[in-house]
2 protein chains.
Amino acid sequence: MKSPSDTEAAPTKLALRPDDGRLLRGQRSRAAILKAARELFAERGFDRATLRTIAERAGIGASSIYRHFQSKEELLIAELLDLQEESWRQFRRDDQRKAPTRERVSRFLDCQHALLAEDSDLTLIALRATTRPGARVAAQVLSLNDRTIGLLMEIMQMGRMQANLKRSVDVLEAARVVFNITQGARIPWANGMTDAESCRKAIQTGVDLLFGGLEKS
Amino acid sequence: MKSPSDTEAAPTKLALRPDDGRLLRGQRSRAAILKAARELFAERGFDRATLRTIAERAGIGASSIYRHFQSKEELLIAELLDLQEESWRQFRRDDQRKAPTRERVSRFLDCQHALLAEDSDLTLIALRATTRPGARVAAQVLSLNDRTIGLLMEIMQMGRMQANLKRSVDVLEAARVVFNITQGARIPWANGMTDAESCRKAIQTGVDLLFGGLEKS
DNA sequence: TCATGAACGCGAACAAAGTCGCATAATGAA
DNA sequence: TTCATTATGCGACTTTGTTCGCGTTCATGA
């Protein structure tokens, strides 16, 4: 399910149309574009899939894509949003809220990894999008990241309450660190320097390190 | 018929020319390009600085740039390489090898931050470069990252030896985590979501968390 | 019925990175 | 000198994401 723009900073739209009308045509097009894009991204990878090719397969003109998306990257990001939702759903489905925090975090990351590991372009383009300050994709990815961090924070906050973690821990910062560990570990993987499994292990090792700490106590 | 000497041992140059000749012209051009590029990047930012503008200011043709660099991004990366060296030099200049590991790491990161904080494009484009698998820029940045990680590892290894850190710590992984913390913290900053000082604090907080660990002992 | 306005679609055009084939210049060998 | 070689330079061209202006469709309100 998606409702990406709840409040559109609305300049007060003068006349809202009911959900039916010529919007249907638009929705069909949007779906066709996304389908074609996902296929072509899977076949050739993001950079080799041309907007003109995508448009052709979707049966519309290339420039029409911009009626529905603001940039090529947004085509992939739309997919990433869906995938993240899915991974969170999977996590929640059999999450043991009373399990040790470290374990819960670990499972959360594994769920995410399992879905991302199927398509390195998702990671890559999301990262690239964050190097476009001001663009909508950048904001989208950044806000997606914030949601991920929020979920991690939630888990860790619960652990802190249950005296599972140190009282002094700043859960927001801790969640950020965990998130950064995953992001960092995925870069070499997305560049083909390591395989998905090494990436997963790197993430888990990093999390273990963070939980245990480095200093002698 | 032709190019019989194109065996596979590429590194062996078939016909070495002395260091002087028309190479001088090339070196001058290369320097002029870099100078023009740095100026224009500073004036307008990376994305708004056009290769043709850079070429014009450097007094050569746009396509000639590709005799010296493989991509626009490489123009910035060259600068980043210099800057990193400089930051390491600064760190070493008054590094106290006997100081607590946490402090040394902290200082290392501050040195790095001080130089990077002056130009967010450096961070941004370096990150973007890592989303171009196969490109030379990607390899350059990745290898630069590895060097940074190596230095961090060196510091932490020393700490481990001096019983400053837990024996069980995997210093390579720990160094990676520290590095990832810095990378992750810089993304919101480069996107204008936070200022340089918040970025610095985020890094330091993250490192503190990592050193102390999350779990109750 | 007809004007209105909004969402959609399209081809042409633009911008800018990157490629190609050829020209030039400098060097050493014959 | 002359020739071969090689680094450098360049303008025309290609590619590709994106913009623009104009046309089309269609629900609504008078």
Side-chain angles (χ1 to χ4, degrees), chain A residues 8 10-33 36-37 40-41 44-56 58-77 125 128-129 132 134-137, chain B residues 1-6 13-33 37 40-41 44-56 58-76 125 128-129 132 134-137:
Chain A
E8 178 80 8
T12 62
K13 309 213 168 166
L14 321 178
L16 296 190
R17 250 128 291 88
D19 334 74
D20 302 64
R22 62 231 111 163
L23 296 183
L24 289 180
R25 184 173 52 147
Q27 305 251 349
R28 266 196 301 274
S29 291
R30 194 189 147 96
I33 293 168
L40 279 160
F41 290 158
R44 320 184 181 177
F46 183 84
D47 286 327
R48 281 203 235 267
T50 258
L51 275 180
R52 285 166 178 78
T53 323
I54 295 173
E56 190 184 2
I60 67 170
S63 57
S64 303
I65 292 182
Y66 286 84
R67 287 279 179 221
H68 304 277
F69 302 90
Q70 280 191 3
S71 72
K72 184 186 178 187
E73 278 157 8
E74 231 176 274
L75 292 174
L76 243 206
I77 299 306
I125 304 309
R128 189 185 294 175
R132 308 248 137 96
R136 189 165 77 174
V137 268
Chain B
M1 291 174 20
K2 55 254 170 126
S3 66
S5 46
D6 208 328
K13 312 196 176 169
L14 322 179
L16 294 190
R17 246 137 297 85
D19 333 76
D20 302 64
R22 61 230 114 163
L23 297 183
L24 287 180
R25 185 172 53 145
Q27 305 227 340
R28 266 196 301 273
S29 291
R30 194 189 146 95
I33 293 168
L40 279 160
F41 290 158
R44 320 184 180 176
F46 183 84
D47 286 328
R48 281 203 231 268
T50 259
L51 276 179
R52 280 162 181 78
T53 322
I54 295 173
E56 191 184 0
I60 66 169
S63 56
S64 302
I65 292 183
Y66 288 86
R67 286 281 179 216
H68 303 279
F69 302 91
Q70 281 191 0
S71 72
K72 184 186 176 186
E73 279 154 8
E74 232 176 270
L75 292 175
L76 245 206
I125 304 309
R128 190 185 295 174
R132 307 251 139 97
R136 189 166 75 175
V137 268

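Remember, predicted model here, so these are calculated numbers, not experimental data. Proteins come first, then strands; the chains are lettered A, B, ... in the order of their sequence lines, and each starts at number 1.
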Determine the contact category for B:Ala49: base if any of its heavy atoms lies under 4.0 Å from a base atom, sugar-phosphate if only primed atoms, P, OP1 or OP2 are that close, otherwise nothing.
-> sugar-phosphate
NA contact type, B:Thr50, heavy-atom cut-off 4.0 Å: base, sugar-phosphate, or nothing?
-> sugar-phosphate
When the distance from [atom1] of [X] to [atom2] of [N] is rounded to whole Å, what number comes out?
X       : N      : atom1 : atom2 : answer
A:Ile65 : C:dG11 : CD1   : P     : 13 Å
B:His68 : D:dC10 : NE2   : P     : 9 Å
A:Arg30 : C:dG9  : CZ    : P     : 12 Å
B:Phe69 : D:dG9  : CZ    : C1'   : 15 Å
A:Arg28 : C:dA7  : CZ    : P     : 17 Å
B:Ile54 : C:dA17 : CD1   : P     : 8 Å
A:Ile60 : C:dG11 : CD1   : P     : 11 Å
B:Gln27 : C:dA26 : CD    : P     : 15 Å

Given side chain to side chain contact (heavy atoms under 4.5 Å, CB included), test A:Phe41 with A:Leu75 step by step and report yes or no.
-> CA-CA 10 Å; A:Phe41 290 158; A:Leu75 292 174; 4.0 Å; yes
[X] side-chain proximity, nearest of [options]:
X       : options                : result
A:Ser64 : D:dG9, D:dT19, C:dG9   : C:dG9
A:Arg52 : C:dA17, D:dT16, D:dG11 : D:dT16
B:Leu51 : C:dA17, D:dG9, D:dG17  : C:dA17
A:Tyr66 : D:dT18, C:dG18, D:dC10 : D:dT18

Which residue pairs satisfy the salt bridge (charged side-chain N to carboxylate O under 4.0 Å, His left out) criterion with at least one member in residues 58-75 of chain B, sequence neighbours excluded?
-> B:Glu73-B:Arg132, B:Glu74-B:Arg136
Hey, what do you get for CD1 (A:Ile33) to OG (A:Ser64), rounding to the nearest 0.5 Å?
-> 7.5 Å
Quick one: on DNA chain D, does A:Arg67 or A:Ala62 contact a more 5' nucleotide (nearest heavy atom)?
-> A:Ala62
A:Ser63 side chain near D:dC20 phosphate (N/O to OP1/OP2, under 4.0 Å) = no
Closest heavy-atom pair, A:Ser71 versus A:Tyr66, reported as atoms and distance to 0.1 Å, is CA-CE2, 4.1 Å
Any side-chain heavy-atom pair from A:Asp47 and A:Arg128 closer than 4.5 angstrom?
-> yes
